[in-house]
J.: 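Following this message is one structure expressed as structure tokens.
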Amino acid sequence: MKKYFLLLVICSSFIGQTVAEEGMWLPQLLQSLNEKQMKKMGMKINASDIYNISKGSLKDAIVSFGGFCTAEVISDQGLLLTNHHCGFDAIQNHSSIQNNYIRDGFWAYNKDQELRNEGLFATFIIRIDDVTADVLKGITGSMTEKERQSAIDKNIASLRSSTKKENYQDLFVRSFFEGNKYYLFVTETYRDVRLVGAPPSSIGNYGKDTDNWMWPRHTGDFSMFRIYAGKDGKPAAYSPDNVPYKPKRSLSISLDGVKEGDFTMVFGFPGRTNEYLHSAAIEQTVRMSDPAKIAIRTRALKVIDGFMRKDEEIKIQYAAKYAGISNAWKKWQGEVLGLTKTNAVAKRQELEASFEKIVMQKPEFNLVYINLLADLKKAYTGIEPYAYARDYFTELYPRIEILGVASQLNSLVNAFEKNGEAGYNSTKEKVLGSLEDVFKEYNVNVDQKLFEALMEMYVTDQKDPYVSPLFKDMLMQNGNSYAKTAADFYSKTKFSSLSSVKTLLTGNAKDVCDAIKADPALLLAADMQKTYSTNVTPRLSELQANINQLQRTYMQAQMDVFSQKSFYPDANSTLRVTYGNVKPYTPRDAVKFDFYSYMDGVMEKYKPGDYEFDLPKKLVDLYHKKDFGRYGVNGRQPVCFIAANHTTGGNSGSPALDANGNLIGLNFDRVWEGTMSDINYDPSICRNIMVDIRYVLFIVDKFAEAKNIISELKLVSKKVK
Ligand code: ARG
Ligand code: GLU
């Protein structure tokens, strides 16, 4: 592989992209790569209005929200807008039987009522520097992957100490283009972020799992927070004396909405994509990885759903878990569907054929890239059995929660064996605390059924070397019945309830640890782990390292060979801009989806008393009175809309901006048929879903009557309202 290494062809003229809407672009490169095209598509502002380090620009209104979502500043007092599902943890943490903010919503009618959230933070990007040359200094083609990484780590460490920044700022360096480029980010993180408002779940998560990943959509998926700073305006730990943050830039809000064909852009922190894979990897995802993961979750969801339907308490306990398992489950199914429907594998093979053709024609490419595609294909074939075992293990193991309890208790044993009584005592409270959380949302009958169903898949769907020998014994002793094995196992383990774990943890440290070590759940968990780490991990890591190296070369090769094309790096949770026009789409024959949804659709789905489609009475009344204020259009209230912006997980809460850079919506999802945009963006069916800002304002103003919030905002309109 070393022979591929040393070819640095300067990427020439960045013109002529194939698909206008595709791409998650680096904000600091918009001017050189995208501005022209953005303007052609309708943008009225300049790239320097989006990213500018010498004066306030749009980027100064965007934050990474808690590291997992995006939020934006919408007032000069640090008011933040994000999704309901992004703020959900905070909303849940403040909720109780008396103050059920999940069910009823929460609104602070003055700043004293805002609620503090420990651990929540908001990070601004101050500037982004290209540090590729510094990071790759001294790297040679003869280095092993390990040597390369340690040299890179050293270079990054010295960059960290030599880079100039203020003492209240942080910095990090990230790899882009699979390790061909490196950028340094100077950031400011605010850690006093308070809850300001959230609608009831029946608005903020309207349609729940049934509507998740679907269009048409009718969800008001938003919540509001406020950033607080120290008296000097700089980041500060929580203090009642902190003051609302004064931003360099906050977003103006347009009341005018968008029409078909209008320019939109989404600015945020997309998490992870894989857009430059070899066709063999896509084929493997469609045929093997996604189906394996889907199958395990289908089985698990069926078990949990069966219990949730029969038992109100289990329904509450498992609601969040169910939603979490079902979110990716549904996404993967859409991904398989979309990749299949758009012939993604065949299209990627065509691209590879033209790559190969150019490589054959040009001696300088010939020399270094001649075997690259064949090597990649071989590498993906080679990793397949191990990748399957990995997908199986990492999907299945966490679904059987008693195995997780075993891991936690094992950490107590480890602490004792390493640091004696002192280690044991200092770990015990932590372990108990986290087990208390686990058992709040745990029912032993559900777990036993999950064990029974999933261990059957573990044995029957996997090759023998990847199956725990201890479990095979257990199964044999129970006459090969999974039900009997499960019943026997749960009757013997002491790990299956908080009270029996607490009893187990009384007595002296040594006896307790001996009892933990002898428990059947610990023995099984340990044997499953050991089987995996012996028979899968070592070979998998080796093969994966090889693939990473090949993909890095292939990334550079694609940039060299298709030098007339603009390339954007895969998402890696750093700040990106994506742009596209408002557009309907046709998911299948004879079906065309409009690009706007209205409150009429909210009402069409309304099912009083239903778990997913109930509505607050006040909202229904407002609808019947058509009391939409200045947020309605011709007697109708817009709710959501779609556009061809290329987004992914992490873009939740990202602002949707119009041609003038005004806020028109809040990104929160993608359409089901288009979730394959993480691997292969296709403009025919990839759409992102946004809640219209006018629905957000209608809820805040008319439903919550939080005039205090409305009065902070900068609303603009070209129309006379
Ligand atoms: N599908 C969206 C995302 O990936 C929304 C998830 C939250 N909503 C839900 N109904 N589970 O995060
Ligand atoms: N709901 C996703 C999130 O939490 C965004 C949807 C997507 O994956 O595009 O980031």
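Residue numbers count from 1 along this sequence. Just follow the structure's listing: the first ligand is 1, and inside any ligand the first atom is 1.
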J.: Could you tell me whether Asn667 and ligand 2 have an N or O pair separated by under 3.5 Å?
T.: no

J.: When you look at NZ of Lys618, are more than 12 heavy atoms from neighbouring residues, nucleotides or ligands closer to it than 6.0 Å?
T.: yes

J.: Would you mind running through ligand 2 and noting each atom that sits below 4.0 Å from a heavy atom of Asn651?
T.: 10 (O)

J.: One residue to check: Asn688. Relative to ligand 2, which of side chain, backbone, both or neither has a non-hydrogen atom less than 4.0 Å away?
T.: neither

J.: If the contact criterion is a heavy-atom separation under 4.0 Å, does Phe68 count as touching ligand 2?
T.: no

J.: Hey, are Asp221 and His85 close enough side-chain-wise for a donor-acceptor pair under 3.5 Å?
T.: yes

J.: Polar contacts were defined as any N/O atom of the residue lying under 3.5 Å from an N/O atom of the ligand; does this apply to Phe668 and ligand 2?
T.: yes

J.: Apply the test side chain to side chain donor-acceptor pair (under 3.5 Å) to residues Thr189 and Thr123: give CA-CA distance (whole Å), side-chain angles for both, the deciding distance (0.1 Å), then the verdict.
T.: CA-CA 4 Å; Thr189 295; Thr123 300; 2.9 Å; yes

J.: Note the single closest protein heavy atom to atom 2 (C) of ligand 2, along with its residue, its atom name and the distance in Å.
T.: Ser652 OG, 2.8 Å

J.: Do Tyr623 and Asp600 pair up side chain to side chain, a donor and an acceptor below 3.5 Å, judged on atom types alone?
T.: yes

J.: What residue and atom, counting heavy atoms only, is the protein's closest point to atom 11 (N) of ligand 1, and at what distance?
T.: Asn212 ND2, 3.6 Å

J.: Does at least one non-hydrogen atom of His85 fall below 4.0 angstrom from an atom of ligand 2?
T.: yes

J.: May I ask you to check if Lys208 and Tyr206 form a cation-pi contact, with NZ or CZ under 6.0 angstrom from the six-membered ring centre and within 45° of the axis?
T.: no

J.: Would you kindly specify which portion of Phe269 sits under 4.0 Å from ligand 2, judged on non-hydrogen atoms: side chain, backbone, both or neither?
T.: neither

J.: Which protein heavy atom lies closest to atom 7 (C) of ligand 1, and at what distance to 0.1 Å?
T.: His85 CG, 3.7 Å

J.: Would you check if the distance from the ring center of Tyr397 to the ring center of Tyr392 is below 6.0 Å?
T.: no

J.: To check your reading of the model: name the closest protein heavy atom to atom 3 (C) of ligand 1, its residue, and the distance in Å.
T.: Asn327 ND2, 3.6 Å

J.: Looking only at distances, can you tell me whether any N or O atom of Asp669, backbone or side chain, sits closer than 3.5 Å to an N or O atom of ligand 1?
T.: yes

J.: Taking C-beta and beyond as the side chain, do Leu251 and Leu657 meet within less than 4.5 Å on heavy atoms?
T.: yes

J.: When the ring centroid of Tyr190 is compared with that of Tyr245, is the distance short of 6.0 Å?
T.: yes

